[in-house]
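Some notes on the structure that comes next.
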Amino acid sequence: MKSDSVAMVDLPSNTYKQETVCIFGTGDFGHSLGLRLLQSGYNVVYGSRDPKNSKFLPKGSKIMTHAEAAYEAQVIFVAVQRDHYGFLSSLASDLDGKVLVDISNNMRSGMYTESNAEYMSTLVPAATVVKAFNTISAWSLQSGGLDANRQVLVCGDRADAKQLVVDIAQALGFAALDKGSIKAASELEDLPLQLFPLWRLPLRIAIGLTAFIFFYVLIRDVIYEGVTNGKDISFRIMISLANKAFPIVALVMLALCYLPGALAGLLQIYNGTKYRRFPDWLDRWMLCRKQLGLLALAFAFLHVIYTLVIPIRYYVTYRRNVYVISLVKDNVTYEFDKIAAWRYDSYFSMGILGFGLFVLLGITSFPSVSNSLNWREFRFVQSKLGYITLLLCTLHTFLYGWDKFLRPSKFKWCMPPAYMLSLVVPCVVLILKLILIAPCVDNKVTRIRQGWERQSKTSQNTSTPLMA
Amino acid sequence: MKSDSVAMVDLPSNTYKQETVCIFGTGDFGHSLGLRLLQSGYNVVYGSRDPKNSKFLPKGSKIMTHAEAAYEAQVIFVAVQRDHYGFLSSLASDLDGKVLVDISNNMRSGMYTESNAEYMSTLVPAATVVKAFNTISAWSLQSGGLDANRQVLVCGDRADAKQLVVDIAQALGFAALDKGSIKAASELEDLPLQLFPLWRLPLRIAIGLTAFIFFYVLIRDVIYEGVTNGKDISFRIMISLANKAFPIVALVMLALCYLPGALAGLLQIYNGTKYRRFPDWLDRWMLCRKQLGLLALAFAFLHVIYTLVIPIRYYVTYRRNVYVISLVKDNVTYEFDKIAAWRYDSYFSMGILGFGLFVLLGITSFPSVSNSLNWREFRFVQSKLGYITLLLCTLHTFLYGWDKFLRPSKFKWCMPPAYMLSLVVPCVVLILKLILIAPCVDNKVTRIRQGWERQSKTSQNTSTPLMA
Amino acid sequence: MKSDSVAMVDLPSNTYKQETVCIFGTGDFGHSLGLRLLQSGYNVVYGSRDPKNSKFLPKGSKIMTHAEAAYEAQVIFVAVQRDHYGFLSSLASDLDGKVLVDISNNMRSGMYTESNAEYMSTLVPAATVVKAFNTISAWSLQSGGLDANRQVLVCGDRADAKQLVVDIAQALGFAALDKGSIKAASELEDLPLQLFPLWRLPLRIAIGLTAFIFFYVLIRDVIYEGVTNGKDISFRIMISLANKAFPIVALVMLALCYLPGALAGLLQIYNGTKYRRFPDWLDRWMLCRKQLGLLALAFAFLHVIYTLVIPIRYYVTYRRNVYVISLVKDNVTYEFDKIAAWRYDSYFSMGILGFGLFVLLGITSFPSVSNSLNWREFRFVQSKLGYITLLLCTLHTFLYGWDKFLRPSKFKWCMPPAYMLSLVVPCVVLILKLILIAPCVDNKVTRIRQGWERQSKTSQNTSTPLMA
Ligand SMILES: Cc1cc2nc3c(=O)[nH]c(=O)nc-3n(C[C@H](O)[C@H](O)[C@H](O)COP(=O)(O)OP(=O)(O)OC[C@H]3O[C@@H](n4cnc5c(N)ncnc54)[C@H](O)[C@@H]3O)c2cc1C
Ligand SMILES: Cc1cc2nc3c(=O)[nH]c(=O)nc-3n(C[C@H](O)[C@H](O)[C@H](O)COP(=O)(O)OP(=O)(O)OC[C@H]3O[C@@H](n4cnc5c(N)ncnc54)[C@H](O)[C@@H]3O)c2cc1C
Ligand SMILES: Cc1cc2nc3c(=O)[nH]c(=O)nc-3n(C[C@H](O)[C@H](O)[C@H](O)COP(=O)(O)OP(=O)(O)OC[C@H]3O[C@@H](n4cnc5c(N)ncnc54)[C@H](O)[C@@H]3O)c2cc1C
C-alpha cells in the first residue's frame with residue numbers, strides 16, 4: 001500500500017485514464033451490463049459479428065468487430081450463449097493474455113458434463129477465464145428495483161485475473177466473493193437454477209407429516225363421530241383439526257432437528273473418532289436442521305394464532321353459552337376445580353415460554369444476527385436453549401394430555417389420541433440427550449470432538465485441543 | 001498478490017513504518033477522527049491556521065501549520081466547513097499530488113449547485129479529491145455507542161487515491177463502499193440529510209387511507225347511529241373502528257404493492273419491448289413497493305392484535321353476558337348454525353394463513369435474508385407467494401362479508417360497508433394477474449423480459465436469452 | 001490496479017503457480033485447516049516434529065520437518081498450543097521474513113500477561129506475526145454445518161503480511177476484517193471465550209427485577225389473601241402473577257434504557273462540554289442500552305401472549321360463568337358502563353400501539369436493518385419513536401390503574417399495587433426528557449454535542465459544526 005502511494009506522488013494526476021471494458025454480445029445481458037459500466041465511469045466497447053447492424057446499444061459505448069474490441073481492453077465479458085462460443089477459438093490470438101469473463105448460465109442443471117467456463121477455457125487456452133456475474137440478472141443490473149442477492153461470485157485459476165473482475169464488480173456496487181479455482185464454475189452455474197434446495201427435504205417432511213396427522217385426526221375425530229354417533233361435525237376441520245395438526249408437526253419437527261445431533265454423538269462414541277465420515281443420510285439430515293427448525297417455528301406460530309382465536313369462534317361461543325344456560329336451568333352447583341386451574345395455567349405457561357424461546361432460536365438464525373455471535377454464543381443459544389425449548393414444548397404436550405394420558409378409554413378404533421403419537425420422537429431425543437450429558441459419556445464426546453481418537457497416534461505437541 | 005509476497009521476503013521486516021495521516025481542522029470531527037486514527041496505529045498531524053492556540057487535541061498527535069502538516073502525509077482529511085475552503089487554494093503547491101479527503105456535509109440539501117468535493121477540486125486542481133466519511137458522524141467515530149450505519153461511502157476520480165482512503169476506513173473498522181467518480185459526491189452529501197425518503201410516499205398513502213376509512217366508518221357507524229337512533233356508541237372508536245380501518249388499509253396497500261407490477265407487464269406488452277422507460281409515476285411507484293408492503297404488514301399486525309384482544313374487552317363481555325341472560329330469560333331454543341360455524345372458521349383460517357405468508361414476505365425483505373436468496377428464490381417468495389397472500393386476504397374479506405355482500409339493506413346513507421370498498425383494488429389486481437398469466441399473454445411477457453423486441457434486429461448470436 | 005493489469009499481459013499465463021501454505025501442527029485445527037486449504041486449491045505442507053509418525057493427514061498434503069516445510073511457503077500457520085511455542089525460536093533462521101499466523105486461543109481469559117501472538121513475536125523477531133482465524137473453530141472449518149460467525153479477524157503490524165492472510169481467508173470463503181496492530185491480539189484472543197458479555201448486566205437487572213416483583217405480588221396477592229381470608233389462590237401464580245411481573249419488568253427496563261441518555265444530557269450541560277468522559281457506571285450503562293431494550297421487548301412479548309390467553313383460561317371461564325349465573329339468579333339489572341368501555345378500550349389501544357412501536361424498535365436493531373439506515377434515521381427511530389413508545393406504555397399502565405390510582409384502600413399491608421411502583425422510573429425519565437427538550441435547554445445540548453465548549457478556545461475556522 002505504502003509503495004503505491006509513494007509511486008502516485010510522482011505521477012502527474014492527469015495521466016490517470018478511464019479503464020475500458022469490452023463486451024462480446026449485444027443481447028439483454030450485454031446491453032444491461034454496458035449501461036451499468038458506463039454509469040460507473042468505464043469506457044465500453046462492444047464486439048459483434050456484425051457491428052454495422054447492431055442497434056439499441058447504450059449511449060456512449062462503441063461497437064466494432066470482435067478482434068478490434070478485444071484489442072481495446074484487458075477484460076472481456078462474453079455475453080453470449082454457450083452454443084455460440086465457437087467463434088472464440090478463431091479469435092485465439094487476439095485473446096492471448098486477456099481475461100475472459102464467462103457470465104453464462106444453462107437452462108437446466110446438468111446439461112453439459114463440463115462447466116461453460118471450463119469449456120471456454122479449452123477453446124482459448126492462452127486467455128484466463130474467470131467465471132463471474134452469472135448470479136446477477138440483467139434486470140437487477142439495469143434497475144436494481146428488487147433486492148435479491150447482490151453478490152457477485154467469482155472463480156478462476158489466477159488471482160490477478162480474478163482481482164480485475166472483483167474490482168469491476170465493486171465499482172458497479174456489488175459485493176464480490178471469491179469462490180476459488182475454475183473448478184467451482186459448475187457449482188456457480190447451478191446456483192441461479194436452484195429453488196431452495198436445502199428446504200426441499202424439510203418441506204417434504206412437513207407436508208407429509210401434516211397430511212398424515214390431519215387424516216389421522218380426521219378419521220379419529222370427525223369420521224368416528226359420524227359413524228358411531230351419526231353426528232356431522234365436519235365444521236371442525238377448518239380450525240379444530242388444523243390446530244391439532246399444527247402443534248404436532250411443530251413438536252415432531254423440533255425434535256427431528258435435535259435427533260441427528262444426538263445420533264451423531266452416539267456414532268462418534270461408537271467410532272471412537274470424529275474423523276470418520278457420517279453416513280450420507282445423517283450428513284444430509286444434519287445440513288438441513290436449520291430449515292427443519294424454522295419450519296417447526298412456522299407451524300408453532302400458526303398454532304399460537306389458531307389457539308388465540310378460539311374464544312371468538314362461533315362454535316366455541318355457542319358451546320359456552322349452551323353450557324351456562326344448562327348450568328342455570330339444571331341448577332347444579334358449579335364447583336371450582338383447583339387442580340384444573342393449576343393444570344391449565346401450567347399448560348399455557350409452558351407453551352408460551354417454549355414459544356418465546358422458539359422465537360429466540362428463530363431470531364438468532366437470521367444471517368445478520370448469527371454473524372454477530374461467536375461460536376460459543378451460537379452454540380449456547382442453538383444447542384442449550386434449543387433443548388430447553390424442546391423440553392418445555394414436550395411438557396406442554398404432556399400437560400395437555402394430563403390424566404387422560406394412556407387411558408384406554410380415550411382410544412377410538414384402537415387409535416390413541418394424536419398428541420400421544422407426537423410425544424414419541426421428542427421423548428426419544430430427550431432420553432438420548434440425557435445419556436449424552438451423563439458425565440462419563442459427555443467427557444468422551446468432548447474429547448472426541450477436540451480431535452482425540454481411540455488409539456490415537458498424532459504427534460504429541462498437538463494432542464491437546466487448540467480450540468475451546 | 002504472489003509478486004507482493006515475493007517482494008516482501010527481501011525487505012528486512014523493520015523497514016515498515018507507521019503511516020502518517022494529516023487532518024486540517026481541529027473541530028469536532030477533526031478531533032474525533034484524530035483520536036480514532038491514533039487508536040488504530042496511525043501517526044496524526046493536525047494542520048491549523050494558528051497552531052500555537054489550538055488545544056484539546058488528542059494525545060499523541062502533532063500540530064503544525066497547514067503547509068508543514070501537508071508535507072508529512074499523502075492523505076489529508078479536510079475537516080473544515082465549505083465556507084472556509086478558501087485557504088486551500090493558497091496551499092495549492094503544497095497539496096500537489098496529495099489526496100484530499102472531503103468529509104463535509106451541508107445543512108440543507110441543494111444549498112450549492114456543485115458538491116463540496118467538486119468545489120474543493122476546482123480550488124486545488126493538482127490534488128486528487130476523494131469524498132468519504134461524510135456519512136459517519138463525529139459521535140460514532142468517537143464512541144461507537146449506537147449502531148447506525150458504519151459504512152464509509154467513497155467516491156473520486158482516481159482508483160489509487162480511493163484505495164488509500166478505503167484502506168484507512170477499513171483500518172478504522174468501517175466497511176467501505178466505492179460509489180464511483182467524484183460526480184457521485186453531491187449524492188453522498190445528500191445522504192446524511194435524508195429521513196426515510198423511500199418511505200415518504202407509502203407513509204402518505206397509509207396515513208391518507210387510514211384517515212379516510214376512519215372517517216368513513218365513523219360516519220357510517222357512530223354518527224349514523226347517533227343521528228337515526230339517538231344512541232351514543234362513540235366508545236367504539238378506540239377499538240372497533242380502529243379494527244375496521246386497519247385491515248382495510250392493510251389489504252388495499254397490499255394490493256397497491258402488486259398493482260404496479262401488473263400495470264408494468266401490460267405496458268411492456270403494449271410497447272412490445274422492455275427497453276422503453278416506464279412513465280415516471282410508475283417508476284416511482286415500483287421503487288417503493290417494498291415500503292408499501294411493509295407498511296401493509298404493520299397494519300395487518302395491528303389488526304391481528306386488535307382482533308385477538310376482542311374477547312377480553314369490557315364491551316364484548318357485557319354484550320355476551322346480556323345475550324346469555326336474555327337467552328335464559330326468554331327461554332328460546334338456541335340453535336347451532338352449522339353454516340355459520342363453517343363460515344366463521346374459514347374466515348379465521350384464511351386470515352391466519354394469509355397473515356402467516358404476509359409475515360414470511362416481511363422476513364424475506366430483511367436485507368440479510370434477501371441477500372442469501374438467489375434471484376429465482378426471491379421472485380418465488382415475493383411474487384408467487386405474494387399473490388397467494390393477496391388472494392387469501394381477499395378471500396378472508398369476502399368471507400367476512402358473506403351473504404351480507406352487496407345487500408342494499410346494509411347501506412347506511414347510501415354508504416356501503418367499508419369492507420366492500422376495500423375489495424375494489426385487490427379484485428382489480430387479481431383480475432389483471434389472471435390475464436397476465438393466461439398462457440398466450442404470459443409467453444409474450446416472458447419473451448419481452450428476456451430482451452426480445454417486436455421487430456427486433458439484434459444480431460443473431462445473442463437473440464436467445466442468456467439468463468433464466 | 002491498472003499497473004497490475006498491464007503487467008499481467010506480458011506474463012505467459014502458464015507461469016502462474018498454485019500457492020503453497022505451510023501448517024505447523026497436525027492436531028484438530030491443523031487437520032481441518034489443511035483440508036479446507038486443499039479444497040480451495042492451495043498446496044499444503046505440514047511441518048511436524050516427527051514427520052514419519054504423523055498420520056491421518058488430509059489426502060494431497062505433504063509432511064516434512066518444520067524447517068523443510070517452512071522453506072516451502074511464505075505463510076505458515078502455527079496450529080500448536082502456546083505451551084509448545086518453544087520450538088519456534090530454534091527455527092528462527094528458517095522463519096526469517098516469513099509470515100507466521102498465530103491461531104491460538106487460551107482456555108481462560110487473562111492466563112498470560114501478553115497475548116499469544118505477541119509472545120510468538122518475541123520468539124521469532126525476524127518473522128512477521130499475524131493473529132488470525134482464532135475466532136473460527138475447527139468444526140466450522142471442516143463442515144460449515146452451523147452458521148455462527150464466519151468472520152476472520154486479523155491483526156498484525158505489517159499491512160502486506162496481513163493482506164496475505166486476508167487473501168487466504170477470503171479464498172476459503174470467510175469474510176476478513178482488519179483489527180489493526182498486533183496489540184489487538186489479546187482482545188481477539190478473548191473473543192471466542194466470551195458468552196454475551198454485553199447481555200450480562202441487562203440480564204442480571206431483568207432477573208433481579210422479575211424476582212423482586214414476583215415476590216412482591218406473591219406476598220400482596222396470594223399470601224395476603226391466604227392470611228387475611230384464609231383462601232388458597234396459589235393457582236394464580238402460573239399466569240396471573242407472571243402476567244403482573246412481566247409487564248412491570250418490561251416497562252421499567254424500557255425506562256432504564258432511556259434514563260442514561262437523559263442523565264448524560266444533564267451531565268453534559270453541567271460540564272459545559274462533551275469532551276469530559278462520563279463516569280464509568282454511566283458509560284457502561286449506556287453501552288448496554290440495546291440489550292436492555294431488547295430484553296424489555298422480550299418481556300413485553302410474553303406479556304402480550306399471557307394477556308391474549310386470558311379468555312381461554314379455566315379460571316377465567318369459571319369466574320365469568322359464575323358471574324352470569326349470579327346475574328340471572330339475583331335478577332339484578334346489568335348496566336352498561338360507558339366510561340368503563342372507553343377506559344378499557346383506550347387501555348388496550350395504548351398497549352397495542354406501544355407494543356407495535358416496541359416491535360419496530362426491535363426490528364431496527366437487527367444489524368442488517370440498522371446498517372441500512374443513516375445516522376439521522378436511526379436516531380429518529382431509536383430516540384424519537386423510542387420515547388413515544390415509552391409514553392404509550394406509561395399511559396397504558398396509568399389507564400390500567402385508572403381511578404384506583406393512589407387510593408389507599410388498595411394498599412395491602414401498606415404495599416401499594418405493583419403497577420404503581422412500576423410507574424416511578426418511567427415518570428422520572430419522561431420528566432427529565434421534558435426538561436431536556438425545553439427550547440433553552442435543548443439549544444444548549446445541541447451546541448455542546450456539536451463540539452461547542454463553555455469558554456471554548458478552538459481555532460475559529462472550525463468552530464462551527466461540520467456534522468448535522
Ligand atoms: C427456530 C430454529 C432455528 C434454527 N436455526 C438454525 C440455524 O440458523 N443454524 C443451524 O445450524 N441450526 C439451526 N437450528 C437447528 C438446531 O438448533 C441447531 O442445529 C443446533 O445447533 C443443534 O444442536 P445440537 O446440540 O443437536 O447439535 P450440536 O451439538 O451442535 O452438533 C450436533 C452434532 O454435530 C457434531 N459436532 C458438533 N460439534 C463438533 C465438533 N467440535 N467436532 C466434531 N463434531 C461436532 C457432532 O456430531 C454432534 O453430535 C434451528 C432450530 C430451530 C428450532
Ligand atoms: C411484507 C412485504 C414485504 C416486501 N418486501 C419487498 C422487498 O424487500 N423488496 C421488494 O422489491 N419488494 C418487496 N415487496 C413488494 C413486492 O412483494 C415485490 O415487489 C414483488 O416482487 C412484486 O411482484 P410482482 O410479481 O408484482 O412484480 P415483478 O413481476 O417482480 O415485477 C414487476 C414488474 O417489473 C418488471 N420486470 C420484472 N422482471 C423483469 C425483467 N426480467 N425484465 C424487465 N422487466 C422486468 C416488469 O415490468 C414487471 O411487470 C414486499 C411486499 C410485502 C407485502
Ligand atoms: C426494542 C429496543 C431495541 C433497541 N435497540 C438498540 C440498538 O440496536 N442500538 C442502540 O444503540 N440502542 C438500542 N436501543 C436503546 C435505545 O433505543 C437507544 O439507545 C436510543 O438511541 C436512546 O435514545 P436517547 O435519546 O436516550 O439517547 P441519545 O440521545 O441517542 O443519546 C444519549 C446520550 O448520548 C450522548 N450523545 C448522543 N449524541 C451525541 C453527540 N452527537 N455528541 C456527544 N454526545 C452525544 C449524549 O450524552 C446523550 O445524552 C433499543 C431499545 C429498545 C427498546
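Hydrogens, waters and symmetry mates are skipped; everything else that's a heavy atom, side chains included, is used. Convention: sequence-line order gives letters A, B, ...; per-chain numbering from 1.
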What part of C:Gln39 gets closer than 4.5 Å to chain A, counting heavy atoms only: side chain, backbone, both or neither? neither

Options A:Leu308, A:Leu327, A:Val328, A:Ile310, ranked by heavy-atom pairs under 4.5 Å with chain C, top entry: A:Leu308

For chain C, find which of A:Gly351, A:Ser346, A:Gly356, A:Cys155 contributes the most heavy-atom pairs closer than 4.5 angstrom. A:Ser346

Counting only heavy atoms closer than 4.5 Å, note whether A:Tyr347 contacts chain C via side chain, backbone, both or neither. neither

Provide the closest heavy-atom pair for C:Arg320 versus A:Arg320 in the form atom of the first, atom of the second, distance. NH1-NH1, 4.1 Å

Is A:Val316 close to C:Ile312 at the side-chain level, that is, under 4.5 Å between some pair of heavy atoms? no

Atom OG in A:Ser349, atom CG in C:Leu302: separation rounded to 0.5 Å? 9.5 Å

Can you tell me how far CG of C:Leu195 sits from CD of A:Glu377, rounded to the nearest 0.5 angstrom? 6.0 Å

Does any backbone or side-chain atom of C:Arg319 lie under 4.5 Å from a heavy atom of chain A? Answer side chain, backbone, both or neither. neither

Taking the side chain as everything from C-beta on, heavy atoms only, tell me whether C:Phe235 gets closer than 4.5 Å to A:Phe336. yes

Of the listed A:Leu353, A:Val324, A:Asp337, the one with the largest count of heavy-atom pairs under 4.5 Å with chain C is A:Asp337

Honestly, the part of C:Leu191 sitting under 4.5 Å from a heavy atom of chain A is backbone

Can you find a heavy atom in the side chain of C:Thr135 that is under 4.5 Å from one in the side chain of A:Asn374? no

Using non-hydrogen atoms only, which part of C:Asp83 is less than 4.5 Å away from chain A: side chain, backbone, both, or neither? neither

Interatomic spacing from CD1 in C:Ile239 to CG in A:Asp345 - rounded to 0.5 Å: 4.0 Å

Any idea which of A:Lys162, A:Arg343, A:Met350, A:Lys338 has the most non-hydrogen atom pairs under 4.5 angstrom with chain C? A:Lys338

Side chains of A:Tyr344 and C:Arg313: does their closest heavy-atom pair fall under 4.5 Å? no

OH of C:Tyr306 to CZ of A:Phe348, rounded to nearest 0.5 Å, is 11.5 Å

Okay, C:Val309 and chain A: the region with an atom under 4.5 Å from a heavy atom over there is both

Heavy-atom proximity to chain A below 4.5 Å, by part of C:Ser234: both

For the residue pair A:Ser368 and C:Pro367, what are the closest heavy atoms and their distance? O-CG, 3.5 Å

Between atom CE of C:Met238 and atom CD1 of A:Ile352, what is the distance when rounded to the nearest 0.5 Å? 9.5 Å

Kindly compute the distance separating OH (C:Tyr315) from CH2 (A:Trp342), expressed to the nearest 0.5 Å. 13.5 Å

Chain C contact via A:Thr364 - which portion, at a heavy-atom distance below 4.5 Å: neither

Is the side chain of A:Arg376 donor-acceptor paired with the backbone N or O of C:Pro192 at a distance under 3.5 Å, no angle test? no

Does some side-chain heavy atom of A:Ile363 sit less than 4.5 Å from a side-chain heavy atom of C:Phe366? yes

Closest heavy-atom contact between A:Trp375 and C:Ser137? CE2-OG, 3.4 Å

